[in-house]
There are 2 protein chains.
Amino acid sequence: MELAEAKQVIERALHEKKMLLIVGACKAEYWGRAASKLPQGKRLLVCKGDGSFALHQNKLLRPTNYMMNATYSLNHDPSKSELVLEARKTNPKETIKVYFESIEHVYASDMDLGKSDLRLFGTEKELSDQLMQGLDFIEPGLRPVKQENPLRTGMIDILAEDAQGRLVVIEVKRRLADYDAVTQLRRYMEVVKKLKGKETRGILIAPEIRSTAKDLLEREGLEFYKIDFEIGNPRAKIKGLEKKQKTLFES
Amino acid sequence: MELAEAKQVIERALHEKKMLLIVGACKAEYWGRAASKLPQGKRLLVCKGDGSFALHQNKLLRPTNYMMNATYSLNHDPSKSELVLEARKTNPKETIKVYFESIEHVYASDMDLGKSDLRLFGTEKELSDQLMQGLDFIEPGLRPVKQENPLRTGMIDILAEDAQGRLVVIEVKRRLADYDAVTQLRRYMEVVKKLKGKETRGILIAPEIRSTAKDLLEREGLEFYKIDFEIGNPRAKIKGLEKKQKTLFES
DNA sequence: GCTGGGAGAGGCTTA
DNA sequence: TAAGCCTTTCCCAGC
């Protein structure tokens with residue numbers, strides 16, 4: 001395809017905020033939060049109606065170069081037989097230059113910008129909501145008190161109270177809990193204990209826990225419950241639960 | 001475009017590991033680590049040669065649905081006038097089904113899978129390499145001992161020794177350091193202190209630090225140096241440095 | 001607009 | 001494979 005011809009199509013597509021696809025041989029340079037150089041090669045460039053810019057190779061999910069809220073300038077230098085697309089943005093200031101040596105394919109589609117209409121199920125918030133409905137299945141008399149309790153240094157997922165009137169800090173993870181999850185829980189537990197000046201427990205609820213994280217958790221006298229939840233529609237359904245070690249306060 | 005015709009092109013492209021682009025009206029369902037439903041709408045589907053699958057709307061950088069290492073099955077039900085592309089993978093087990101009602105455009109390009117040929121500058125590793133060249137500009141007599149020192153629970157970016165022979169654990173961040181960066185540093189510092197049984201310092205080097213993180217850092221007696229570096233080619237250049245509070249061991 | 005934190009994070013490296 | 005961690009993380013919700 002002639003570069004001059006491609007330029008026409010591209011300019012029009014960008015102006016009309018269409019979904020623009022370009023397949024061609026190019027090199028690219030990026031300067032902004034970091035910097036990068038991409039040598040010559042055949043690539044796919046996708047420019048979306050909202051100013052999203054993504055240059056893809058034929059592997060991996062993520063683009064090699066990308067930009068949000070880009071504004072474009074397009075320049076064709078016939079003497080160098082090169083079509084240069086420059087994407088810019090401010091805050092932070094970034095630039096990507098794509099130098100097309102040849103263009104194999106251009107396609108522009110009038111696609112609705114629409115709102116994000118994806119409905120996602122099985123998020124951490126959903127799981128937390130479900131737990132707020134009741135915690136008796138974990139332990140009789142354990143009842144949720146407050147969800148998303150803000151502390152200076154983070155947010156307690158669920159604050160609860162057990163049958164003995166002790167405060168229970170609950171940290172929820174929708175997937176493999178790691179070292180950070182446990183240090184988070186410990187931190188919140190310590191804050192609450194200091195704040196309220198009474199015995200406080202810390203419970204981590206997750207489908208799984210990393211071994212090193214489990215070690216720390218046990219050393220700190222925190223509790224872990226393995227939760228088995230079904231990703232459902234419209235909400236996560238808790239299928240099972242398994243206690244992984246004794247409570248500090250159990251004999 | 002006829003669905004039956006599209007099916008031929010798509011099947012061939014997938015088999016030949018070409019970069020495949022499909023623009024069409026579809027709905028989609030995902031089931032795996034979470035679950036999602038995407039109602040009818042015009043979208044772009046990109047299937048790459050390495051099995052990367054991404055369904056894009058005309059906004060945002062990230063796809064609404066995606067999968068790595070997908071294997072495909074394609075089915076055309078003429079009675080329902082529907083072309084169904086199913087992407088599957090195991091570990092974890094995931095499925096995406098895309099139901100095409102109509103297809104506006106299909107394009108397949110024989111694009112090299114190649115190796116990742118992007119050269120990126122201004123990474124943390126680069127910054128760390130630069131610091132390994134010498135730390136005298138931070139403090140006279142401070143010298144790097146080891147880079148990327150592995151611990152059971154993580155990696156020390158730089159282990160150094162100061163003029164007094166004390167071990168210094170250095171954590172480097174290329175951008176705003178957060179609470180986690182400080183807990184990381186504290187963890188490594190504690191491990192080293194216990195291991196070596198002698199006075200140990202912990203230094204965080206970053207262009208900026210979050211206020212809550214700074215609080216923790218100061219409470220823990222750790223040190224923060226604000227680094228000002230220029231993203232260069234081929235390496236980050238350290239332009240300036242500012243000490244943000246006194247060392248524990250200073251009067 | 002900036003800030004904080006989750007994500008179906010992705011992707012890389014090493015044990 | 002699991003663990004740990006960096007990323008031009010992206011993205012959203014809250015302030």
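Atoms considered below: every heavy atom in the structure, side chains included; atoms not considered: hydrogens, waters and symmetry mates. Proteins get letters first, then strands, A, B, ... in listed order; numbering begins at 1 in each.
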**Request:** Please determine, by modelled atom types, if E94(B) and Y30(B) share a side-chain donor-acceptor pair under 3.5 angstrom.
**Result:** yes
**Prompt:** Looking only at side-chain N and O atoms, does R33(B) come under 4.0 Å of OP1 or OP2 in dA9(C)?
**Reply:** yes
**Request:** Name the residue closer to the 5' end of DNA chain C, choosing between M155(A) and R174(A) according to the nucleotide with the nearest heavy atom.
**Result:** M155(A)
**Request:** Among dT8(D), dG6(C), dG8(C), find the nucleotide with the atom closest to the side chain of K173(A).
**Result:** dG6(C)
**Message:** Quick check on dA3(D): is either OP1 or OP2 less than 4.0 Å from any side-chain nitrogen or oxygen of T153(B)?
**Reply:** no
**Request:** Let me know the distance between CD1 of I209(B) and P of dC2(C), rounded to the nearest Å.
**Result:** 20 Å
**Complete:** Looking only at dG8(C), dC12(D), dA9(C), the nucleotide nearest the R175(A) side chain is dA9(C)
**Request:** Calculate the interatomic distance between E124(B) atom CD and dG4(D) atom P; express it in whole Å.
**Result:** 17 Å
**Request:** Would you indicate what T212(A) reaches in the nucleic acid, counting non-hydrogen atoms under 4.0 angstrom: base, sugar-phosphate, or nothing?
**Result:** sugar-phosphate
**Prompt:** Looking for any heavy atom pair under 4.0 Å, which part of the strands does G154(B) touch: base, sugar-phosphate only, or nothing?
**Reply:** sugar-phosphate
**Message:** Using a 4.0 Å heavy-atom cut-off, does N65(A) contact any base of the nucleic acid, only the sugar-phosphate backbone, or nothing at all?
**Reply:** base
**Asked** Taking the same atom, C1', in dG6(C) and in dT7(D), what whole-Å distance lies between them?
**Response** 15 Å
**Prompt:** So does R187(B) get a side-chain nitrogen or oxygen closer than 4.0 Å to the phosphate oxygens (OP1/OP2) of dG4(D)?
**Reply:** no
**Request:** Whole angstrom is fine here: how far is it from CZ in R119(B) over to P in dT7(D)?
**Result:** 18 Å
**Item:** Minimum-distance nucleotide (side-chain atoms of Y66(B) versus dA3(D), dG10(C), dC10(D))
**Value:** dG10(C)
**Prompt:** OP1 or OP2 of dG10(C) less than 4.0 angstrom from a side-chain nitrogen or oxygen of R62(B), does that happen here?
**Reply:** no
**Prompt:** Rounded to whole angstrom units, what separation is found between the CE atom of M67(A) and the C1' atom of dT8(D)?
**Reply:** 9 Å
**Prompt:** How do A35(A) and S52(A) order along DNA chain D: which one's closest nucleotide is nearer the 5' end?
**Reply:** A35(A)
**Message:** Could you go through D50(B) and N58(A), starting from their C-alpha distance and side-chain angles, then the distance that decides it, and tell me whether this counts as side-chain contact (heavy atoms from CB on, under 4.5 Å)?
**Reply:** CA-CA 7 Å; D50(B) 68 339; N58(A) 192 18; 5.8 Å; no
**Prompt:** For atom P, what is the distance between dG4(D) and dG8(C), given to the nearest Å?
**Reply:** 23 Å
**Per S36(A) side chain, nearest of listed nucleotides dC11(D), dG11(C), dT8(D)** = dT8(D)
**Message:** With the six-membered base ring of dG4(D) as reference, does the ring of Y179(A) sit under 5.5 Å away with planes under 30° apart?
**Reply:** no
**Prompt:** For the pair made of CG in L151(A) and P in dT3(C), what is the distance, rounded to whole Å?
**Reply:** 21 Å
**Request:** May I ask you to say what E171(B) touches in the nucleic acid, namely base, sugar-phosphate or nothing, with a heavy-atom cut-off under 4.0 Å?
**Result:** sugar-phosphate
**Prompt:** What is the minimum heavy-atom distance between E148(A) and M155(A), and which atoms define it?
**Reply:** O-SD, 3.3 Å
**Request:** May I ask you to check whether Q147(A) and D129(A) show a side-chain donor-acceptor distance below 3.5 Å?
**Result:** yes
**Complete:** Shortest non-hydrogen pair, L131(A) vs P144(A), comes out as O-CG, 4.3 Å
**Message:** Looking at T123(A), I'd like to know whether one of its side-chain N or O atoms comes within less than 4.0 Å of OP1 or OP2 on dG6(C).
**Reply:** no
**Message:** Looking at E220(B) and R186(B), is there a salt bridge between them, counting it only when a charged N and a carboxylate O are closer than 4.0 Å?
**Reply:** yes
**Message:** Side-chain N or O of K125(B) versus OP1/OP2 of dC6(D): is the shortest distance under 4.0 Å?
**Reply:** no
**Request:** Tell me which nucleotide among dG8(C), dT8(D), dG4(C) gets nearest to the side chain of A34(B).
**Result:** dG8(C)
**Request:** Determine the minimum heavy-atom distance between I170(A) and I156(A), stating which atoms define it.
**Result:** O-CG2, 4.4 Å
**Between dT7(D) (P) and L127(B) (CG): distance, integer Å** = 10 Å
**Asked** DNA chain C: N91(A) or Q184(A), which has the more 5' nearest nucleotide?
**Response** N91(A)
**Prompt:** Rounding to the closest angstrom, what is the interatomic distance between dG11(C) and dA7(C) at atom C1'?
**Reply:** 14 Å
**Item:** Atom-pair distance (CG on L185(A); P on dG5(C)), nearest Å
**Value:** 15 Å
**Item:** Atom pair distance, as rounded to whole Å: CG in L61(A) and C1' in dA7(C)
**Value:** 14 Å
